[in-house]
Amino acid sequence: MTLRLDELEFHHPGGRAALQGISLVIQRGERVAVIGPSGAGKTTLLRVLATGLKPTRGRLEVLGVDPWRLGRRGLRRLRSRIGMVHQSPPIPPRQRAVTAVLAGRLGRWPWWKALASLAYPVDIPGARAALARLDLEEHLFDRCDRLSGGQLQRVAVARVLYQQPELVLADEPVSSLDPRLADRTIGELHRDAQARGVTLVASLHAVDLALRWFPRVVGLKDGAVLFDLPPVRVTDGLLQALYAGEAATPPTQDGRPLATPVRGIARRPLCS
Ligand SMILES: Nc1ncnc2c1ncn2[C@@H]1O[C@H](COP(=O)(O)OP(=O)(O)OP(=O)(O)O)[C@@H](O)[C@H]1O
């Protein structure tokens, strides 16, 4: 098992509960989408799973251990086994794409190799191959502050592909991409997770992508799990309840409503 959450709660300092009563078990190799309206708690949940935030209450197990019982070294080691794609990638602006990708393995390399990699890229072919999977090969030596938001998001995905972590967490990893690239990028994350038998948890704004790609979909609302189902069982009624008060229709990648005939196809996961 990769993740176990037991009656987990999280309160941001000075805020109300961003997560409440979350109980989930995610087995190794599962691919799970987390959907829900703005403010539902998707980012908070992923940051808790990435051990960036400590739960206020309840139990959490990540890759077989309670992160918050580990010492500093143990926690650092655990984090090097987790790959996180952030919604706005925290990449230093002057860093080149090649260095940003290689940074994926900094936590696993000996200090001398990590240091050398910052001065001169130690594995250019590896970085090139990861970027090529996302059509970004020609930007290998570009500075990150000269890339578009969508290109930067794909560099962050390439970094995780290069890192090869045991747990991949992706927080709205395609929010800046057009529908074709979004599909391609989610597809690459899937192929990587499936090929290596590792767990992928992604929060997604676009319901169509979640239903099309993920064998398990968790609907989060007001910090609690509203449903946890395979896509074929996510009904219109559940989606309406999830997004009630936010939008007339559930959000999609291309802005078009989830039309029924398309949905029939869309709800069959491409990878199962
Ligand atoms: N740093 C913070 N301090 C206080 N409250 C916060 C903080 N970050 C988030 N929150 C609150 O926690 C709740 C969950 O926020 P979160 O960002 O996890 O939602 P989300 O589902 O990812 O939203 P979005 O889709 O808009 O990114 C919201 O009510 C938000 O206002």
Side-chain angles (χ1 to χ4, degrees), residues 3 5-24 26 31-58 60 62 67-68 82-91 149-150 152-154 156-157 160 167-179 182 185-186 189 200-214 216-229 231 234 238-255 257-258:
L3 295 164
L5 293 77
D6 199 4
E7 289 296 320
L8 187 136
E9 270 186 35
F10 181 83
H11 296 246
H12 286 286
R16 59 190 180 87
L19 299 176
Q20 42 190 335
I22 306 253
S23 294
L24 286 173
I26 298 179
R31 294 181 303 285
V32 181
V34 181
I35 60 172
S38 183
K42 304 180 295 295
T43 297
T44 305
L45 176 63
L46 286 173
R47 289 180 63 198
V48 166
L49 299 180
T51 77
L53 296 174
K54 185 177 179 181
T56 314
R57 257 188 230 114
L60 171 68
V62 179
W68 300 104
I82 303 169
M84 176 87 177
V85 182
H86 295 266
Q87 201 171 347
S88 310
I91 295 175
L152 197 60
Q153 230 174 14
R154 283 183 287 150
V157 172
V160 163
L167 168 61
V168 181
L169 302 169
D171 185 19
E172 305 213 9
V174 295
S175 55
S176 305
L177 304 185
D178 65 43
T185 304
I186 292 289
L189 282 169
L200 169 65
V201 182
S203 77
L204 288 170
H205 180 70
V207 174
D208 51 340
L209 278 182
L211 297 178
R212 186 156 63 240
W213 280 103
F214 288 80
R216 180 173 170 188
V217 181
V218 172
L220 204 62
K221 188 179 175 77
D222 296 331
V225 174
L226 187 70
F227 59 80
D228 178 0
L229 293 167
V234 178
L238 283 173
L239 290 175
Q240 268 158 20
L242 188 66
Y243 292 98
E246 187 179 67
T249 56
T252 56
Q253 188 67 27
D254 60 6
L258 282 174

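In what follows, residues are counted from 1 in the order of the sequence shown. Every number for a ligand or one of its atoms is a count from 1 in the order of the listing.
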So [Y] and [X], do their side chains get closer than 4.5 Å, heavy atoms only?
| X | Y | answer |
| --- | --- | --- |
| Leu3 | Leu24 | no |
| Ser23 | Asp6 | yes |
| Thr56 | Leu19 | no |
| Val201 | Val218 | no |
| Val48 | Ile22 | no |
| Leu60 | Pro67 | yes |
| Leu189 | Trp213 | no |

Note to self: Students should be able to answer this: which protein heavy-atom is nearest to atom 26 (O) of ligand 1, and at what distance?
What the structure shows: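 Protein heavy atom at minimum distance: Ser38 OG, 2.6 Å.
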
Next item on the list: Provide, to 0.1 Å, the distance between atom 17 (O) of ligand 1 and the closest protein heavy atom, together with that atom's residue and name.
Entry: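 Heavy-atom neighbour on the protein nearest atom 17 (O) of ligand 1: Thr43 CB, 3.7 Å.
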
Item checked: Shortest non-hydrogen contact between Tyr243 and Pro250, atoms and distance ->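 Taking every non-hydrogen atom into account, CD1-CB, 4.0 Å.
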
At less than 4.0 angstrom from any non-hydrogen atom of [X], what atoms of ligand 1 do you find?
| X | value |
| --- | --- |
| Pro37 | 21 (O) |
| Glu172 | 25 (O) |
| Ala18 | 12 (O), 13 (C) |
| Gly41 | 14 (C), 16 (P), 18 (O), 19 (O), 20 (P), 21 (O) |

Next item on the list: Pick, from His12, His11, Lys221, Arg47, the option with the minimum heavy-atom distance to atom 7 (C) of ligand 1.
Entry: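 Looking at heavy atoms only, His12 sits closest to atom 7 (C) of ligand 1.
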
Item checked: Option nearest atom 18 (O) of ligand 1 (shortest heavy-atom distance, choices Leu220, Thr44, Leu46, Asp222) -> Thr44

Notebook entry, point to check: Less than 3.5 Å between some nitrogen or oxygen of Gly39 and one of ligand 1, yes or no?
Noted result: yes

Margin query: Between ligand 1 and Pro13, is the shortest N or O to N or O distance under 3.5 Å?
Written below: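 No, Pro13 has no N/O under 3.5 Å of an N/O on ligand 1.
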
Given that the side chain starts at C-beta and the backbone is N, CA, C, O, which of these parts of [X] lies under 4.0 Å from ligand 1, counting heavy atoms, or is it both or neither?
| X | result |
| --- | --- |
| Ser203 | neither |
| His205 | neither |
| Lys42 | both |

Check: What is the distance from atom CG of Leu169 to atom NE2 of His86, rounded to the nearest 0.5 Å?
Finding: 9.5 Å

Note to self: Hydrogens and angles aside, do Gln87 and Ser175 bring a side-chain donor and acceptor to less than 3.5 Å of each other?
What the structure shows: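 Judged by distance alone, the side chains do not pair up.
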
Notebook entry, point to check: Is any heavy atom of the protein nearer than 4.0 Å to atom 5 (N) of ligand 1?
Noted result: yes

Margin query: If you scan the protein for heavy atoms around atom 13 (C) of ligand 1, do you find one that is closer than 4.0 Å?
Written below: yes

